Participant: 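This structure is in structure tokens; I'll ask about it shortly.
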Amino acid sequence: MDPIALATPVPQSSHFMVAAYLLYLVVSIGLTVWVARTLQRNGAHFLHDAFLGKERLADSVNHLLVVGFYLMNIGYVALSLKEHRTIWTVQEVIELVCTKVGWVMVVLGAMHFFNLYVFNRIRRSSQVRHQPPPVLPREFTRVSPQQTPVTEGV
């Protein structure tokens with residue numbers, strides 16, 4: 001082996017990669033928790049209105065939606081953690097973390113609008129079921145007590 005090659009330090013990107021991964025995980029999971037808590041707190045009022053006073057049912061649905069939100073978003077964060085290029089500088093760490101967090105924010109926004117869509121559908125369907133008919137009947141058809149069945153071919 002060449003003694004000069006041994007004396008020259010080999011740059012290692014592992015420290016930068018570990019720092020980028022940890023920063024990405026902390027920011028992404030923190031952002032996910034903040035959005036989930038906001039949705040849970042504000043979505044509770046919406047669901048109570050949608051379920052017409054059935055508070056236990058509304059709270060259960062709200063909790064299930066939040067659990068699904070966590071699973072989807074933290075799963076996405078975990079799946080998108082791997083980076084295939086080598087990171088050598090602090091600038092590249094910042095760029096990588098910002099890109100990955102940006103995608104997490106896009107996914108969080110999409111999940112937020114999906115949740116709003118689901119909440120609105122639940123609310124609208126419960127309101128339609130409890131509304132009066134669009135037009136009140138003016139006449140009724142009287143049904144005779146004895147009807148003879150109609151037989152075919154006779």
Side-chain angles (χ1 to χ4, degrees), residues 5-143 147:
L6 290 175
T8 307
V10 177
Q12 295 183 1
S13 69
S14 65
H15 299 296
F16 288 112
M17 291 303 293
V18 169
Y21 286 158
L22 290 176
L23 187 59
Y24 166 67
L25 286 172
V26 167
V27 171
S28 297
I29 292 173
L31 190 60
T32 299
V33 168
W34 176 73
V35 171
R37 286 184 177 171
T38 301
L39 290 174
Q40 184 174 26
R41 184 176 52 253
N42 295 319
H45 304 295
F46 194 80
L47 286 174
H48 286 185
D49 182 44
F51 285 106
L52 302 171
K54 298 178 184 174
E55 291 187 18
R56 284 185 49 152
L57 180 60
D59 291 338
S60 294
V61 169
N62 194 16
H63 183 74
L64 291 172
L65 286 169
V66 169
V67 168
F69 184 84
Y70 276 126
L71 291 173
M72 291 286 293
N73 287 294
I74 292 177
Y76 175 79
V77 166
L79 289 173
S80 65
L81 178 69
K82 178 74 175 156
E83 180 59 35
H84 298 286
R85 64 186 173 115
T86 304
I87 302 296
W88 298 105
T89 66
V90 173
Q91 176 185 348
E92 290 176 327
V93 169
I94 293 169
E95 290 170 356
L96 173 69
V97 171
C98 286
T99 301
K100 287 187 175 288
V101 169
W103 279 110
V104 168
M105 291 172 74
V106 168
V107 169
L108 285 170
M111 289 295 296
H112 170 67
F113 285 117
F114 177 74
N115 278 343
L116 285 177
Y117 173 76
V118 169
F119 285 167
N120 193 36
R121 293 292 302 244
I122 291 170
R123 184 172 172 260
R124 188 177 298 160
S125 67
S126 70
Q127 286 178 340
V128 167
R129 272 186 261 128
H130 293 89
Q131 288 183 345
V135 178
L136 291 175
R138 289 181 283 167
E139 296 180 23
F140 294 94
T141 305
R142 192 174 301 238
V143 179
Q147 292 183 351

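All values derive from a computational prediction rather than experimental measurement.
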Participant: State the NE2-CG distance between His45 and Asn62, to the nearest 0.5 angstrom.
Facilitator: 10.0 Å

Participant: What pairs with Arg85 under salt bridge (Lys or Arg N to Asp or Glu O under 4.0 Å), at least two apart in sequence or on another chain?
Facilitator: Glu83

Participant: So which heavy atom on Val97 is nearest to which on Ala20, and how close?
Facilitator: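 Here Val97 and Ala20 meet closest at CG2-O, 3.5 Å.
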
Participant: Report the distance from atom CG of Leu39 to atom CH2 of Trp34, rounding to the nearest 0.5 Å.
Facilitator: 9.0 Å

Participant: Heavy-atom distance under 4.5 Å between the side chains of Val104 and Lys100, does that happen here?
Facilitator: no

Participant: What distance do Leu57 atom CG and His48 atom NE2 have between them, rounded to the nearest 0.5 Å?
Facilitator: 9.5 Å

Participant: Run Leu116 and Asn120 through side chain to side chain contact (heavy atoms under 4.5 Å, CB included) and show every step you take.
Facilitator: CA-CA 6 Å; Leu116 285 177; Asn120 193 36; over 6 Å; no

Participant: Which distance, rounded to the nearest 0.5 Å, do you find between the CD of Glu55 and the CG of Leu47?
Facilitator: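 Those atoms lie 11.5 Å apart.
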
Participant: How long is the straight-line distance from CE of Met17 back to CH2 of Trp88, given to the nearest 0.5 Å?
Facilitator: 10.5 Å

Participant: Looking at OG1 of Thr89 and CD1 of Ile87, how far apart are the two atoms once the value is rounded to the nearest 0.5 Å?
Facilitator: 7.5 Å

Participant: Extract all donor-acceptor atom pairs below 3.5 Å that involve side chains of residues 67-82 and protein atoms in other chains or at least two apart in sequence.
Facilitator:
residue, atom, partner, partner atom, Å
Asn73, ND2, Phe69, O, 2.9
Ser80, OG, Tyr24, OH, 2.5
Ser80, OG, Tyr76, O, 3.0
Ser80, OG, Val77, O, 3.4

Participant: Apply the test side chain to side chain contact (heavy atoms under 4.5 Å, CB included) to residues Asp59 and His63: give CA-CA distance (whole Å), side-chain angles for both, the deciding distance (0.1 Å), then the verdict.
Facilitator: CA-CA 6 Å; Asp59 291 338; His63 183 74; over 6 Å; no

